[in-house]
Amino acid sequence: MSDWPKYDLDYLNGRRQRRLRRTGWMRDLVRETTLTPADFIWPLFVIEGQNERTQIRTMPGVERMSIDLLVRAAKEAAAAGIPALALFPNTPDQLRNPDGSEAYNPDNLMCRALRAVKDAVPQIGLIADVALDEYSSDGQDGLVRDGEILNDETVHAMVRSALVQAEAGADIIAPSDMMDGRVAAIRQELDAAGYEHVAIMSYSAKFASAYYGPFREAVGSGQRLLGDKKTYQLDFANTDEALREVAQDIDEGADMVMVKPGLPYLDIVRRVRDSFNVPVFAYQVSGEYTMLKLAGAAGAIDGEAAMMESLWAFKRAGAKGVLTYFALEAARRLGG
Ligand code: PBG
């Protein structure tokens, strides 16, 4: 220390960045972003039955639940300060067909789940995913003819699906299919049917990703899917194209937009945040969840610490909130 040249110390004393990191209270004082239970949307998987829960092989700690248990989970979420749930049905095999017509059955599993939760826990927001893969027999998000995914016919089916969901109590319609023009069509038909108060959160920048694998097991679409979703979901090499999708969805009437997957796509979240002024959400998808869970369970990382760090990263990147399977766990850790 004594042989440290005087001029270097002068330099350093004026530039000691570590002063702001010295103590816990100082770090609290200067922290640039916050993370609270209100930042989370909790995705939940619904099955038929009473008091039924089934473990999802590919998602340790996540279960599909029958509607009665779903209601219980919704109460826990509300008590923990989580503002909204995103529901996904695992449609029974015998109800799946090439048209995915169960998607617009007003009494389908999804609609019954929406009604039950809305009735029992009216203070929590309900987000309804709209896409055909949860209902069709071939695991694609769109209708298939001769190996082609049909755009406009799919949009028509999705509009019908969104209408029965709105009627069942969905507060936010979330089209996750990446067909062209679906936001405008859904907005127009919701308004025409008197659901102008129902919002649209569009999966605007949804990339064709290997990270969705565990989810497809959860909703039962994975083993049906032949090929991939690359003719509609975005190419993961692109970012300008993602911005064009976001711009078009906002133009078509999306109230909120989403980037998906999450952590590997934070550059997209940041670009969307800097380029538009609608709320942007990120989806920490099933594969991201499972990687953290398995690495934590193997003792390779501190799973809980990595969970919190990953959620904070979304806020730092500019996300308004995060769809995450960690929602309840993280909300409770944050004191919700
Ligand atoms: C369905 C849909 C998918 C996800 C949400 N909605 C799967 C897919 O597009 O294949 C993925 C969610 C996750 O992986 O957690 N359209």
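Below, all heavy atoms of this structure are taken into account, side chains as well, without hydrogens, waters or symmetry copies. Residue numbers count from 1 along this sequence. We count ligands from 1, going down the list as the structure has it; atoms in each ligand are counted the same way.
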Taking the six-membered ring for Trp, are the ring centroids of Phe45 and Phe215 within less than 6.0 Å of each other? yes
Indicate whether the side chain of Tyr195 and that of Glu167 have a donor and an acceptor atom separated by less than 3.5 Å. no
Provide, to 0.1 Å, the distance between atom 14 (O) of ligand 1 and the closest protein heavy atom, together with that atom's residue and name. Ser286 OG, 2.7 Å
Inspect the contact between Asp141 and Arg182 and indicate whether a charged nitrogen and a carboxylate oxygen are less than 4.0 angstrom apart. no
Counting from 1, what ligand 1 atoms have a heavy atom of Arg216 closer than 4.0 Å? 8 (C), 10 (O)
Would you compute the distance between atom CG of Leu114 and atom CG of Leu109 and round it to the nearest 0.5 angstrom? 9.5 Å
Heavy-atom contacts under 4.0 Å between Tyr325 and ligand 1: side chain, backbone, both, or neither? side chain
Does Lys75 use its side chain to pair, donor to acceptor, with the backbone of Val121 at less than 3.5 Å? no
Minimum-distance protein heavy atom relative to atom 8 (C) of ligand 1: Lys229 NZ, 3.3 Å
For atom 1 (C) of ligand 1, the closest protein heavy atom turns out to be Asp133 OD2, 2.9 Å
Heavy atom of the protein closest to atom 4 (C) of ligand 1 (residue, atom name, distance): Lys260 NZ, 2.5 Å
Atoms of ligand 1, numbered as shown, that sit under 4.0 Å from any heavy atom of Tyr283: 12 (C), 15 (O)
Give me the nearest non-hydrogen protein atom to atom 9 (O) of ligand 1 as residue plus atom name, then the distance to 0.1 Å. Lys206 NZ, 2.6 Å
Structural part of Asp177 in contact with ligand 1, heavy atom criterion under 4.0 angstrom: neither
Which ligand 1 atoms does Gln233 reach within 4.0 Å, using its non-hydrogen atoms? 8 (C), 9 (O)
Atom 12 (C) of ligand 1 sits nearest the protein heavy atom Phe215 CD1, 3.3 Å
For the residue pair Arg271 and Asp267, establish whether any side-chain heavy-atom pair is separated by less than 4.5 Å. no
